[in-house]
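In what follows, a structure is listed as structure tokens, so that the remarks can point back to it.
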Amino acid sequence: MSKVKKVRGFQDIYGENAKKYRYISDVARKIFENYNFEEIILPYVEDISLFKRSVGEATDIVQKEMYVFTDRGGREIALRPEGTASTVRAYIEEKMYAQSSIKKLFYEGAMFRYERPQAGRYRQFHQIGAEIFGIYSPLADAELIKMVLDILNTLEIPARLEINTLGDFEDRKSYIKALKEFLEERKQHLCETCNIRIETNPLRVLDCKVETCKDITKEAPLITNFLSDESLERYEKIKEYLKALNVEFIENPRLVRGLDYYTHTVFEFITDKIGAQGTVAAGGRYDKLVEQLGGPPTPALGFAAGIERLMLLLEKLPEDKPLIVVIPITEEHNIEGILTADSLRFNKFRTELIMKEGSLKSKMKLANKLGASYVVFVSDKYELKDMTTGTQEVFENREDLIEVLKIRL
RNA sequence: GAGGGCGUAGCUCAGCUGGUAGAGCACAAGGUUGUGGCCCUUGUGGUCGCGGGUUCAAGUCCCGUCGCCCUCCCCA
């Protein structure tokens, strides 16, 4: 019988990796709470039209990366490829705009994209993300970016911040028009995909990695020249706030992001340490999306970070709580052993009771293997052995043993 | 969607020009009577990814197939 294996692009996260995952998640949560965000737990499936209307019909995500299926009721369902669309949908559907003028939400969980897996890329991957609804002020942009930076800093993961602005919808429209014209004229020198992009997603050409395309787009018109005074001012303010917060950033006028819904600010935190998948967290503003999906006009912005990519970069993990291993010397001391383990746990010590058969030596080997800080030998007395020094002390009753451990640990 | 690498013990791998498998680590037991980490001894463990072909004989050659990893595209 052949072994059952996990599906391509999916992974079991266990052991050290599970610790990293949990740690990243915990750090992010604490920081979200500091910034007064509330959690939203979203469904993993949505009506497929949600992503077509938000992420964009022409994007790679929608065109070739979505897990789509028809359920038994004949509905067209998609496993969510990202979190913003669902959050916006929930914001509208649950009428959160009626609760207060602003709403700050965070989420965590699996996303699904059908791509060729490689380092830092999986078909099921996990993101933490946050969205702010109802604030147009550039303060929100600066605060969101600072929040992401707080997370990265706490995790001690260095990444450079790149920012850009795409202007509002009008700015963007006229810029795209000019850009299209520029690209049309140089069509024959652009790569194949960029030729398609001219129609589907002209901004993306700016981000192309092909050398000849890069050379051409060096000359391309810049968004900056198409920004309204207001958009420009917004952008300047954000930079001012970031500077005040001591946040270092690089302006990258080519940074456009792949999703359709962005307006004004876009940003990415990038590292060079994990190859091509260097973007570790990214986000931006999407002031028209809520309206587009049927809600009231609501300015909004958000970001998402890839947990797996953060895991690749995470070097430090907080130390585990010290482990106490309880060894009943012989079978006659099993009851005393389990009671000892029980009261140690009651006192919040991380405790392992050795239950295997065999020589005391083999049990000690196991205790050592498990990483015991202390071993308690249970017989007609209690012997506490410090595993780093090898010293041992004797106690007549459990209470004394526990009192001493409370002081030590 | 395009390209490259790899599949031999639980893990990391060795196995030259074909002669039916090996190391290190890990695991188990032991090195005296109730005590780990180092060292020593012994032991468990392999359909050599799968299927077919060539051959007296294939882990080793040929074909196919599956799987994994990586790069590009794109994205977190």
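Chain letters run A, B, ... following the sequence lines, proteins first and then strands; every chain starts at 1. Bear in mind that the values here come from a model prediction, so they are computed numbers and not experimental data.
- If you check B/rC72 for Watson-Crick or wobble pairing at under 3.5 angstrom, you find it paired to B/rG1.
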List, with names and distances, any nitrogen or oxygen atoms from the protein found under 3.5 Å away from nitrogen or oxygen atoms belonging to nucleotides 2-7 of chain B.
none

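- Using a 4.0 Å cut-off between charged side-chain N and carboxylate O, A/Lys381 and A/Glu396 make no salt bridge.
- Among the protein residues, A/Gln392 comes within range of the nucleic acid bases, having at least one heavy atom under 4.0 Å from a base atom.
- Looking at A/Phe125, A/Tyr67, A/Phe69 one by one, the single match for ring pair (Phe, Tyr, Trp, His ring centres under 6.0 Å) with A/Tyr114 turns out to be A/Tyr67.
- Distances shorter than 4.0 Å separate none of the side-chain N or O atoms of A/Gln118 from OP1 or OP2 on B/rC69.
- For B/rA21, there is no paired base (Watson-Crick or G-U wobble, both distances below 3.5 Å).
- A salt bridge links A/Asp150 with A/Lys146: at least one charged nitrogen is closer than 4.0 Å to a carboxylate oxygen.
- Under the 4.0 Å criterion applied to side-chain N and carboxylate O atoms, A/Glu240 and A/Lys243 are not assigned as salt-bridge partners.
- For A/Lys5, the side-chain atoms get nearest to B/rG67 when compared with the rest of B/rG67, B/rA76, B/rU35.
- Listed in residue order, the members of residues 363-376 of chain A having a heavy atom less than 4.0 Å from RNA chain B are A/Met364, A/Lys365, A/Asn368, A/Lys369.
- Residue A/Phe125 and nucleotide B/rA76 are classified as a stacked aromatic pair, their ring centres being separated by less than 5.5 Å at an interplanar angle below 30°.
- With hydrogens and angles left out, the side chain of A/Glu383 and the base of B/rG34 share a donor-acceptor pair within 3.5 Å.
- Among the atoms of the strands shown, none is found under 4.0 Å from any heavy atom of A/Gly358.
- A gap of 10 Å separates the C1' atoms of B/rG59 and B/rU20, to the nearest Å.
- Atom CD1 of A/Ile176 sits in a crowded spot, with more than 12 heavy atoms from other residues, nucleotides or ligands closer than 6.0 Å.
- Residue side chain A/Lys361 reaches the base of B/rG31 through a donor-acceptor N/O pair under 3.5 Å, judged by distance alone.
- The side chain to side chain donor-acceptor pair (under 3.5 Å) check on A/Ser25 picks up A/Arg22, A/Glu108, with sequence neighbours excluded.
- Close to B/rG34, at under 4.0 Å from its OP1 or OP2, lies no side-chain N or O of A/Ser359.
- From A/Ile163, atom CD1 reaches atom CD1 of A/Ile250 across 10.0 Å, with rounding to the nearest 0.5 Å.
- Looking at A/Glu336 and A/Arg398, a side-chain N of the basic residue comes within less than 4.0 Å of a carboxylate O on the acidic one, giving a salt bridge.
- We find that A/Asp168 and A/Lys288 are not joined by a salt bridge, their nearest charged nitrogen and carboxylate oxygen being 4.0 Å or further apart.
- At a threshold of 4.0 angstrom between heavy atoms, the contacts of A/Phe112 with the nucleic acid are absent.
- Between A/Glu65 and A/Lys356, the one whose closest nucleotide on RNA chain B sits nearer the 5' end is A/Lys356.
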